[in-house]
Amino acid sequence: MYDEFITEINDFLESEKIMKKVNLLQPPDPNLGDFCIVLNQYSKNDDLFSLGNFWAGKLQDIEGIKEVSVFSMKGKKKPIIYLNFIIEDKIRDQLRTQFISQGLKSIFSPDFGYNKINEGKTAVVEHTSANPISPLHVGNLRNSVHGDTLSRILERTGFDVVRIFYVNDVGLQISFVVVGYELVKNRGIKPAIKIDLWMGQIYAIMNCFHTIQTIKNRAKERDLQTDDSYIISENDKLILTNFLEKQLNELNTDLEKLKTVEKLSKNEKITKRDLQWRINKTKDEIKEIQKYQEIYWDLQKRFPQLFETLRDEVSKIDLMKVQGDYLKKYEKNTDVYVTSLFREVVDWVLEGFRWTLNRYNIPFDVIEYESDLTWSGLTEKVIDELASSKYAVKTGGEGIRFSFPKEGIDEMLQNTSLVKKDIPIKGQVPELQLRRENGTALYAAKDIAYSIQKFETHKPSIIYNVISTEQSLPQFQLLFPLYVLGKTEYASNMKHYAYEMVNLQGRPMSGRIAAYVTADAFYDETIIRARMAKRTSDASRGIGLPEGADEWNEENEILRAIALASTRYPLIDKTPQRRISLNIDEELDFKKNPGPFIEYAHARASGVIQTVKERLDIDVSLDIDCSLILDEQIISIVTLLLDLENIILKSVRELDPSIIATWCYQLAQSFMKFYEGFPVLNAGSVELSKSRLLIVKAFKIGLSTGLEILGIPSADRI
RNA sequence: GAGCAUGUAACUCAGUUGGAAGAGUGUUGGCCUCCUAAGCCAAAAGUCGAGGGUUCAAAUCCCUUCAUGCUCGCCA
């Protein structure tokens, strides 16, 4: 807004033989001045205060400047001198009029809120990708909301975005559900609740049986006398923990010994770290026994019918063998029955996911199955190719391990656009096992193959993987193999969008024990609470319950907007690398959640527009007298609105959609203040009504754009 | 043991290339005869985790240190 002054001040600086470009700042309080500069930036003079007064006198002569005041702040060695500029009222008004009228023009143009720098390019966003074994919970939802918002932001910059859900349908976990499902299906039991919720229960129960069986198998290997049932009896527990605690004691004495001597015995060379690792393992094992004894009773109590059925059926079969067998058959796609059974379970759960995600306004373009990738043979091809590189080591059997020597990494940094900061670890990057000794591929290898597949099928110029920060190292470990395979471009353009996990009331959520607040429950609860709040508020305004079918539909739409604002906003308003702790009760208290506040601001704006239309019958065009609306409050709204494009670019650059969320909130806040102080209906004159109405409309456009980026519909009434 | 992230008001968090410490919630007190009070106004509340360094100037950059979370050789 103050461009003219910049050139004038630059001219002055030049006449003082200072070759620096002037940098205008904003004083903390508008009463201090319209803009200011820091004198220290331009002069190393010892007596800055006198110089400041001298400059102030000179600069005051610039046309349009009313006054330049000198403000001195104490520094350790020298004072810090600010020169505060106050513009002549008339000039300020002129500048503001111009600023607002030009600003409004660009806000009402169809390009507003877009910056097509990536036009014609494709971006892939892979997100959510939750295992299809239990319902989506609030923890998964953070991933979905971030992934979806990121996609929407990318679209705003011109990208053609492909949203991918990657289904991990090959693995031990999924085989639990498949076997469990087959067992209950054969007994004629059908789901009476939402399918993913039901499968989640089967999963938790089967996981429990499986873990208990694993514990018992380990006991057998150690020649301990436990029985074969799927329950840890008190006797079993006693035998197991006694054994483990004895072992723990031995390990601890070894560790103490190792602190004083180099080696434990002549033959055995064992490191401290190794011992520590074993100690931790043993401790975990002891905890696990206790935990799964409790989980057993807990699940039996919570899901009695499923539990009893599954326990009866499981005791008739060799669970480990059947599971392993099924999994192998599915991986190789050799048994039509098994394959269709897996797909039946997976697709059923995915249908449940889709339904849930749809409520949250989160669409997907593509669903890709890990099994398809496995069957395509690409993984084996990639492993073989990597195995012949100089970084691969054979580890016995068919095992292949991949190493990350410093020279190799340095070479990659030179030949790609990657920089040191992209490496999440200093020093030696740990080796990566690609194939087990028994010949099966590990997840890491599949992921490398999958990355290549993603690039080759969708031809994106960039891929974003939305995955929690826990996966930083494995995500980085993907890049170097890609580079080694000659896929330099791929390595450069695969980005890990990392976000921290969600804690729920101080406790992490676990699918393994079916302890989660499901995304569905969260949504349902929010709708109920929103309806209660709306009815209360309507009643205080004398509005009755909705009667006709249309009104019910309208109410439902309003409630949906409020629900999405209340659920999506708290998941996106904090920077992704911050761990968040959701307190469901607080999020449902609409006074504590900024989401509904933003909706309210939008509804108020819509209300104004509607009422004015009904009662005033005025025509609004851009051709208005902006000199009527030069107030700070209005300037701040327009400034914010015009900032949207920058904000979008910044959020892409920093991979942080919370910037958009904060912007929406600030804008809503700014509008609320405007709303209180600047009535449109009773403005006093038609001209004033018109110009204020234009601001309201501009605000509405801006906020609904922001909300659209956040995937939140905007409500016209609340 | 090593690496990464975080640490700002009682609570939840913003804070742009270093340039005058910011919101909301909560607390206290005001404001509905007037476009929706899920709102607005005012007040109180801070050693920016601690210590050091660089600088005219540090929440911001560098070093040290403390606290919390996550990760680190065949889990997916």
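Side chains are part of it too, since the values below use all heavy atoms of this structure and drop only hydrogens, waters and symmetry mates. Letters go in sequence order (proteins before strands), and every chain restarts at 1.
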Specify whether A:F404 and A:F480 have parallel, tilted or perpendicular ring planes, treating 30° as the upper limit for parallel and 60° as the lower limit for perpendicular. tilted

Contact class for A:T440 vs. all strands (heavy atom < 4.0 Å): base, sugar-phosphate, or nothing? nothing

Both distances below 3.5 Å, Watson-Crick or wobble geometry, any strand: find the nucleotide opposite B:rU16. none

Pairing partner (Watson-Crick or G-U wobble, both distances under 3.5 angstrom) of B:rA45: none

Look for any protein N or O under 3.5 Å of an N or O in nucleotides 16-18 of chain B and output each such pair with its distance, or none.
none

With rounding to the closest Å, how many angstrom separate the C1' atoms on B:rG7 and B:rC48? 10 Å

Would you mind classifying the nucleic acid contact of A:K673 as base, sugar-phosphate or nothing, using non-hydrogen atoms under 4.0 angstrom? sugar-phosphate

Look at the side chain of A:I718 and decide which nucleotide, out of B:rC56, B:rU36, B:rC74, has an atom nearest to it. B:rU36

Considering only nitrogen or oxygen atoms on both sides, find all protein atoms under 3.5 Å from nucleotides 61-63 of chain B and state each distance.
none

Show me the donor-acceptor pairs, under 3.5 Å and distance only, between side chains in residues 444-451 of chain A and residues at least two apart or in other chains.
from: A:K446; atom 1: NZ; to: A:E370; atom 2: OE2; distance (Å): 2.9
from: A:Y450; atom 1: OH; to: A:E368; atom 2: OE1; distance (Å): 2.6
from: A:S451; atom 1: OG; to: A:D447; atom 2: O; distance (Å): 2.8

Any donor-acceptor pair under 3.5 Å joining the side chain of A:E500 to the base of B:rG69? no

Among B:rA23, B:rU36, B:rC13, which nucleotide sits nearest the side chain of A:R578? B:rC13

If I pick the C1' atom on B:rA58 and the same atom on B:rG39, what distance separates them, to the nearest angstrom? 39 Å

Which is true for A:V696 with a 4.0 Å heavy-atom rule: it touches a base, it touches only sugar-phosphate, or it touches nothing? nothing

Please work out whether the ring planes of A:H210 and A:F176 are parallel, tilted or perpendicular, with thresholds of 30° and 60°. tilted

Please state how far atom CD in A:E331 lies from atom C1' in B:rA76, giving the value in whole angstrom units. 11 Å

Rounded to whole angstrom, note down the P distance from B:rU68 over to B:rC74. 27 Å

Using a 4.5 Å cut-off on heavy atoms from C-beta on, say whether the side chain of A:M206 contacts that of A:V177. no

If you assign A:Q669 and A:Q666 each to the RNA chain B nucleotide with the nearest heavy atom, which residue ends up on the more 5' nucleotide? A:Q666

Identify the pairs formed between an N or O of the protein and an N or O of nucleotides 31-35 of chain B at a distance under 3.5 Å, and give each distance.
from: B:rC34; atom 1: O2'; to: A:N682; atom 2: ND2; distance (Å): 3.1
from: B:rC35; atom 1: O2'; to: A:T611; atom 2: OG1; distance (Å): 3.0
from: B:rC35; atom 1: O2; to: A:V680; atom 2: N; distance (Å): 3.2
from: B:rC35; atom 1: O2; to: A:L681; atom 2: N; distance (Å): 3.0
from: B:rC35; atom 1: N3; to: A:V680; atom 2: N; distance (Å): 3.1
from: B:rC35; atom 1: N4; to: A:Y675; atom 2: O; distance (Å): 2.4

How should the glycosidic conformation of B:rC4 be described, syn or anti, under the criterion that syn lies within 90° of 0? anti

Does a distance-only test, which skips hydrogens and angles, find a donor-acceptor pair under 3.5 Å between the side chain of A:E470 and the base of B:rC70? no

Minimum-distance nucleotide to A:N168 side chain [options: B:rA76, B:rG19, B:rG39]: B:rA76

So do the side chains of A:L688 and A:S685 get within less than 4.5 Å of each other, counting heavy atoms only? yes

May I ask you to check whether over 12 heavy atoms, not counting those of A:R436, lie within 6.0 Å of atom CZ? yes

Identify whether any heavy atom of A:F590 sits under 4.0 Å from a base atom; if not, whether one sits that close to sugar-phosphate; answer base, sugar-phosphate or nothing. base

How many whole angstroms separate atom CG of A:D573 from atom P of B:rA23? 18 Å

What does B:rA76 pair with, Watson-Crick or G-U, if both distances are under 3.5 Å? none

Per A:M672 side chain, nearest of listed nucleotides B:rC74, B:rC40, B:rG19: B:rC40

Just name whichever nucleotide pairs with B:rA2, Watson-Crick or G-U, keeping both distances under 3.5 Å, else none. B:rU71

Taking atom CZ of A:F49 as the centre, report whether more than 12 heavy atoms of other residues, nucleotides or ligands fall under 6.0 Å from it. no

Would you list the protein and nucleotides 45-48 of chain B atom pairs, both N or O, that sit under 3.5 Å from each other?
none

Could you write out each protein N or O paired with an N or O of nucleotides 20-22 of chain B at a distance under 3.5 Å?
from: B:rA20; atom 1: O5'; to: A:Y82; atom 2: OH; distance (Å): 3.1
from: B:rA20; atom 1: N6; to: A:N84; atom 2: OD1; distance (Å): 2.5
from: B:rA20; atom 1: N6; to: A:N84; atom 2: ND2; distance (Å): 3.2

Give a yes or no on whether a salt bridge exists between A:R218 and A:E285, defined as a side-chain N under 4.0 angstrom from a carboxylate O. yes

Angle between ring planes, A:F699 versus A:F671, binned at 30° and 60°: parallel, tilted or perpendicular? parallel

To the side chain of A:R541, which of B:rA38, B:rC41, B:rC4 is closest? B:rA38

If the C1' atom of B:rC75 is compared with that of B:rA59, how far apart are they to the nearest Å? 41 Å

Sort out the partner of B:rU55 for me: Watson-Crick or G-U wobble, both distances under 3.5 Å, none otherwise. none

Using Watson-Crick or G-U wobble geometry with both distances under 3.5 Å, which nucleotide pairs with B:rU36? none

Rounded to the Å, how far apart are A:Y42 OH and B:rG19 C1'? 10 Å

Full working for side-chain contact (heavy atoms from CB on, under 4.5 Å) between A:I9 and A:F35: CA-CA 12 Å; A:I9 296 171; A:F35 58 88; 3.9 Å; yes

Considering only atom C1', compute the distance from B:rU47 to B:rA9 and round it to an integer number of Å. 13 Å

Please give the distance between the P atoms of B:rA44 and B:rA23 as a whole number of Å. 13 Å

When A:P430 and A:A441 are each assigned the nearest nucleotide of RNA chain B, the 5'-most assignment goes to A:P430

Measure from the side-chain heavy atoms of A:I425 and tell me the nearest of B:rA38, B:rU36, B:rG3. B:rG3

Looking across every strand, which nucleic acid part, if any, lies under 4.0 Å from A:Q577 by heavy atom: base, sugar-phosphate, or nothing? sugar-phosphate

Decide side-chain hydrogen bond (donor to acceptor under 3.5 Å, both in side chains) for A:Q633 and A:S670; before the verdict, give the C-alpha distance in whole Å, the side-chain angles of both, and the deciding distance to 0.1 Å. CA-CA 7 Å; A:Q633 204 50 58; A:S670 207; 3.2 Å; yes

Go through it in stages, so that I can follow the logic: the residues are A:M199 and A:V345, the test is side-chain contact (heavy atoms from CB on, under 4.5 Å), and I'd like the CA-CA distance, side-chain angles, deciding distance and then a yes or no. CA-CA 8 Å; A:M199 291 289 186; A:V345 169; 4.0 Å; yes

Using the P atom as the reference point in each nucleotide, state the distance between B:rA38 and B:rC32 in Å, no decimals. 15 Å

Nearest to the side chain of A:R717 - B:rU36, B:rU55, B:rG69? B:rU36

